[in-house]
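Following: one structure in structure tokens, then a few remarks.
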Amino acid sequence: MSKICDRGEIHLCDLALALKDLPWTDPTQAAVIADCLGFGLAAHPKSIATSQGHKVYDRRSTSSQPAPDKPPAREPPILVPPTPLRPVSLPADTLPSRLERLTTLAPPHQQPPDWLEKRNAAFPAAPEPQLARATLLPERTARHVLSAGLSMARATGGIDLAKLIDAVCRCRPIRGLPRRLEATLDRGCQLLLDYSTSMIPFWEDLEQLCAQVHEVVGAHATQVYSFDAQPTQARAWTTSGEPLPWRPDGRPVLAATDLGIQGRGAAEPSPDWPALAEDCAKAGSPLILLIPWPAERWPKTLPSATLIHWGPRTTAGMVRQATRPSGQEG
Amino acid sequence: MPEYSPKHFKLPDDKVLPKDEAKGILPYVFTDAMAIAIDVALATNRPLLVSGNPGCGKSRLADALAELQSWSNFSCTITSRTRLESLTAEVDQLRRLNDAQTGRLGKPKDPADTDAGRPDAYYLNPGIFWWAFDADSARRRGLSAAEARSHAVQLRHPGIARKPRRGQPAGAVLLIDEIDKAEPDLPNDLLEPLDRRRFDLPEGFRADRKGAALTSIEAPVHKDYPLLTLITTNGERDLPQAFLRRCVLLEIPDPSREALIEIALRHEPAGNRERIGAIADILLKLRDLADKQRVRPPGTAELLDAVRACEKLDIPVSDAPDSVWSQLERAVLAKDPALRLRQP
């Protein structure tokens with residue numbers, strides 16, 4: 001068990017090992033042990049918690065700056081339906097009544113009744129405000145995540161002194177100055193957007209992703225293609241409305257898709273994906289798949305590509321880890 | 001909570017590392033939370049990430065534990081320029097180039113006992129992880145014993161080497177201080193050395209271990225060589241989640257008035273208790289003020305400085321604005337101008 005616990009992140013095995021091994025005598029001590037391993041309610045101490053901003057010692061901030069006030073009590077939302085009126089108690093006896101044919105079909109009141117006006121007042125005349133939508137790739141991380149995923153290494157940096165000296169010391173002929181690898185986005189990218197029905201919940205995110213890639217890579221260097229379930233049939237559209245079939249050209253290919261799994265864990269991806277991965281490999285284009293479902297739901301057979309969870313908690317570090325060649329895993 | 005008796009390290013009954021002036025050992029007061037966190041880190045073989053306000057005793061915890069266990073002690077303070085190579089193994093390229101120019105460089109297959117050439121590993125500078133994982137190999141820069149003798153390679157131990165107690169395995173405490181000062185990528189780079197207690201040497205370099213040429217340095221298994229890596233942070237920068245999820249967490253809270261007095265009396269056993277109490281009161285007031293002013297609060301380390309100065313120079317605590325104490329207070333406790341201006 002300890003061999004398993006030595007690897008990766010802290011998990012239940014570590015907690016079980018600690019609770020089995022350590023001489024705790026009281027539930028409070030067991031709770032402290034769990035806290036240390038991140039299993040308690042206060043999993044991360046205040047000073048290293050990442051969800052809250054850290055306390056910053058800033059000399060410029062003085063007491064003259066107003067302390068952040070408590071947020072005002074929330075007003076009821078505008079679209080709250082009116083409170084239903086209390087039911088009127090009906091008389092016990094049935095009153096006499098008779099039916100009469102109306103001569104005209106005009107409404108009995110030309111003006112809407114007051115009570116209707118009053119109820120409608122709850123609905124503002126102005127159009128409803130656009131509510132903020134949680135996006136799969138928030139603005140604060142989008143640039144870093146996309147840069148990490150789409151950058152390609154090129155030997156255009158400064159002279160790699162270590163390699164140069166190594167070559168001199170080993171008496172190897174120097175045929176060219178070794179240069180440091182630099183990550184660059186100047187090759188641009190091809191963006192493949194999956195507009196199949198299973199991706200309907202993410203169509204807005206696809207549009208936003210397109211805008212984000214344009215911002216990071218540049219519109220001039222980004223070619224956007226769309227497809228419906230079959231990625232090899234992806235098309236771009238010229239200004240004259242002509243379809244332009246997708247062909248890999250050595251640039252990174254970023255495909256936003258759910259692989260057709262519709263969030264079901266056991267589903268298998270469309271057979272078109274391995275063909276797409278093969279085309280990309282032949283052309284030397286790195287293939288990156290952004291999948292809106294977490295890794296637990298990904299199909300077991302996956303195309304040979306870099307798979308990244310397209311979610312708000314995805315960070316540039318995770319992308320770098322995923323795009324790193326398998327031999328360099330840390 | 002009842003008192004906790006740790007299993008993986010020995011703690012005196014009063015939970016205090018006693019002061020020993022002859023050996024230059026400062027006292028350290030352990031709490032139950034510290035004892036549990038250290039025990040958990042040793043039981044699970046995970047690094048211990050210690051957070052808390054500056055001056056609360058995060059870094060001293062490593063020294064105190066190493067002293068208590070008679071384990072070797074290694075430490076390294078992280079800066080924004082610290083890279084993984086400087087913590088594991090770095091090639092001294094300049095010396096290597098110089099030797100190539102002067103013809104002192106050895107070919108890889110030169111016999112080890114000739115003085116003509118220096119082998120590749122001669123140019124490896126061991127970092128703190130190498131020392132903590134395999135101090136013997138680091139001392140020889142990864143050369144074999146014969147090569148090290150031949151080339152007069154015998155590096156100095158960068159920390160404090162201690163002999164293990166009889167019947168106990170040799171252990172080590174590795175302190176990585178102020179990880180929050182590092183560039184954002186460094187904590188992720190440390191995952192492998194911390195997780196697997198192993199790191200790779202620079203490409204093309206080998207280290208000798210019992211006649212085998214190894215491309216990586218690895219620590220012995222935990223039961224034969226207990227190694228506690230203690231990492232401190234002041235919380236000035238976010239640490240990656242992947243890094244946090246691999247660490248046992250300990251937050252050292254600010255000590256209470258009674259705890260401050262006890263700590264001060266452990267450091268200055270002959271100190272005036274009343275005066276120490278008065279200094280502790282002032283420290284607590286300044287902490288409240290610092291909290292309101294959003295400046296760094298004075299810590300236990302500052303309290304100890306004030307107590308030592310008062311004891312050595314016999315300075316009474318006074319409210320008078322021009323007193324010696326007021327000067328001392330400004331110099332030691334209220335270092336931030338915001339604390340001086342607003343002080344009542």
Side-chain angles (χ1 to χ4, degrees), chain A residues 2 5-11 13-15 17-18 20-26 28-29 31-38 42-50 53-59 61-63 65 67 161-166 168-171 313 315-318 320-321 329-330, chain B residues 1-2 4-8 32-33 36-37 39-41 43-46 49 51-53 91 93-94 96-97 99-100 105 108 184-185 188-189 191-192 195-197 202 204 222 233-242 244-251 292-296 336-338 342:
Chain A
S2 62
C5 292
D6 284 351
R7 309 264 172 198
E9 298 175 355
I10 287 174
H11 37 71
C13 172
D14 292 275
L15 179 62
L17 181 68
K20 180 171 174 268
D21 185 43
L22 299 181
W24 57 277
T25 54
D26 187 80
T28 50
Q29 289 176 347
V32 175
I33 290 171
D35 266 354
C36 289
L37 288 166
H44 291 168
K46 250 188 311 183
S47 53
I48 53 169
T50 51
H54 289 316
K55 194 173 180 182
V56 176
Y57 300 113
D58 186 355
R59 287 180 189 280
S61 62
T62 63
S63 63
Q65 286 180 336
L161 275 178
K163 270 192 185 165
L164 186 63
I165 292 173
D166 194 63
V168 170
C169 296
R170 292 178 194 277
C171 300
R313 301 190 69 178
T315 62
M318 290 157 70
R320 274 189 220 108
Q321 191 78 13
E329 276 178 42
Chain B
M1 185 168 69
Y4 180 80
S5 305
K7 178 183 174 185
H8 292 277
D32 273 337
I36 291 176
D39 224 15
V40 171
T44 55
N45 191 17
R46 298 277 185 182
L49 178 63
S51 60
N53 278 331
V91 183
Q93 299 286 11
L94 204 60
R96 198 170 168 220
L97 184 61
D99 283 359
L105 198 73
D185 279 345
N188 281 332
D189 292 342
L191 293 183
E192 183 169 359
D195 231 19
R196 303 180 186 175
R197 308 200 334 164
H222 186 63
T233 173
N234 288 324
E236 290 185 7
R237 185 179 283 173
D238 281 357
L239 295 171
Q241 286 292 330
L244 290 177
R245 285 195 293 261
R246 282 165 167 82
C247 295
V248 173
L249 307 175
L250 167 67
E251 184 174 28
K292 286 176 193 157
Q293 300 280 354
R294 299 180 189 180
V295 295
R296 186 177 92 70
D336 198 293
R342 303 279 170 164

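Labels below follow one simple rule: chain letters A, B, ... track the order of the sequence lines, proteins then strands, and each chain is numbered from 1.
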Exercise for the section: Indicate the atoms forming the closest heavy-atom contact of A18(A) with T44(B), along with that distance. Expected result: CB-CG2, 4.1 Å
Exercise for the section: With rounding to the nearest 0.5 Å, note down the distance linking CG in D14(A) to CG in N45(B). Expected result: 9.5 Å
Practice task
Ignoring hydrogens and angles, tell me if any N or O in the side chain of R46(B) forms a donor-acceptor pair with the backbone of E9(A) under 3.5 Å.
Solution key: yes
Completion exercise
When rounded to the nearest 0.5 Å, the distance separating CD1 of I36(B) from OG1 of T28(A) is 7.5 Å
Completion exercise
The residue among L22(A), I10(A), L17(A) that forms side chain to side chain contact (heavy atoms under 4.5 Å, CB included) with V40(B) is L22(A)
Exercise for the section: Specify which of L161(A), T315(A), D166(A), L164(A) makes the most heavy-atom pairs with chain B at under 4.5 Å. Expected result: D166(A)
Practice task
Nearest 0.5 Å please: distance from the CZ atom of R96(B) over to the CD1 atom of I165(A).
Solution key: 8.0 Å
Handout entry: Pick from V91(B), D39(B), D189(B) with the largest number of heavy-atom pairs that fall under 4.5 Å of chain A
Key = D39(B)
Practice task
Kindly give the heavy-atom pair with the smallest separation between K7(B) and P23(A), and that separation in Å.
Solution key: CB-CD, 3.6 Å
Handout entry: Largest heavy-atom contact set with chain A, pairs under 4.5 Å, which of L94(B), L97(B), D32(B)
Key = L97(B)
Practice task
Would you name the heavy atoms of C169(A) and A100(B) that are closest together and state the gap between them?
Solution key: SG-CB, 3.8 Å
Exercise for the section: Using non-hydrogen atoms and a 4.5 Å limit, figure out which bit of H8(B) sits close to chain A: side chain, backbone, both or neither. Expected result: side chain
Problem - Approximate separation, where rounding is to 0.5 Å, of C247(B) SG and L37(A) CG - result: 11.0 Å
Completion exercise
CZ of R320(A) to CG of N188(B), rounded to nearest 0.5 Å, is 8.5 Å
Practice task
Give the minimum heavy-atom separation between P2(B) and Q29(A), together with the two atoms involved.
Solution key: O-NE2, 2.7 Å
